[in-house]
Amino acid sequence: MLLARPELRPQMISATEREMGERMTALFLQGADVVTEEDVSSTLQEISNIVSGRLQNALRGRDDVCTIGLPIVTVLAKTLPIAELWAAVGFHNALGDVKFTTFVRPILRGAPGSGAL
């Protein structure tokens, strides 16, 4: 299991292409004509909160101690370097026209750049 060792904690990345982020935002805002970069960032943060909240509930249901930090939205390189340690879960709406992927991996607590808890 991801948290089988107490020195590990989960790190999660939700990723989608820019155009998909804009489409998700327009749907989230229920048809807004103008979608700003700030709108896209807020929408992606909210989606990350929803997914991480579900992960947190699942882990707590197994009696794991789990806290979730605030999401950080950033623009990544064209290709996302995902190693074998990442577990990927794809999400889409019922029509399949809105898609994003969430990647989860274990990292050491207190490791540089890990947002030590």
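Applying the side-chain hydrogen bond (donor to acceptor under 3.5 Å, both in side chains) rule to T43 yields the partners T25; only residues at least two apart in sequence or on another chain are considered. Among residues two or more places apart in sequence or in another chain, the side chain to side chain contact (heavy atoms under 4.5 Å, CB included) test is passed with F100 by S14, T16, M24, I47, V51, F91, T102. A search for side-chain hydrogen bond (donor to acceptor under 3.5 Å, both in side chains) contacts involving S41 returns nothing, not counting sequence neighbours.
R54 CZ: 12 or fewer foreign heavy atoms inside a 6.0 Å radius.
Between atom CG of residue L55 and atom OG of residue S48 there is a gap of 12.0 Å, rounded to the nearest 0.5 Å.
L27 is not connected to I50 by any chain of hydrophobic side-chain contacts under 4.5 Å among Ile, Leu, Val, Met, Phe, Trp and Tyr, and they are in different clusters.
Using modelled atom types, one finds no donor on one side chain facing an acceptor on the other under 3.5 Å when comparing S42 with D39.
With respect to E22 and R18, a salt bridge is recorded, a charged nitrogen being found less than 4.0 Å from a carboxylate O.
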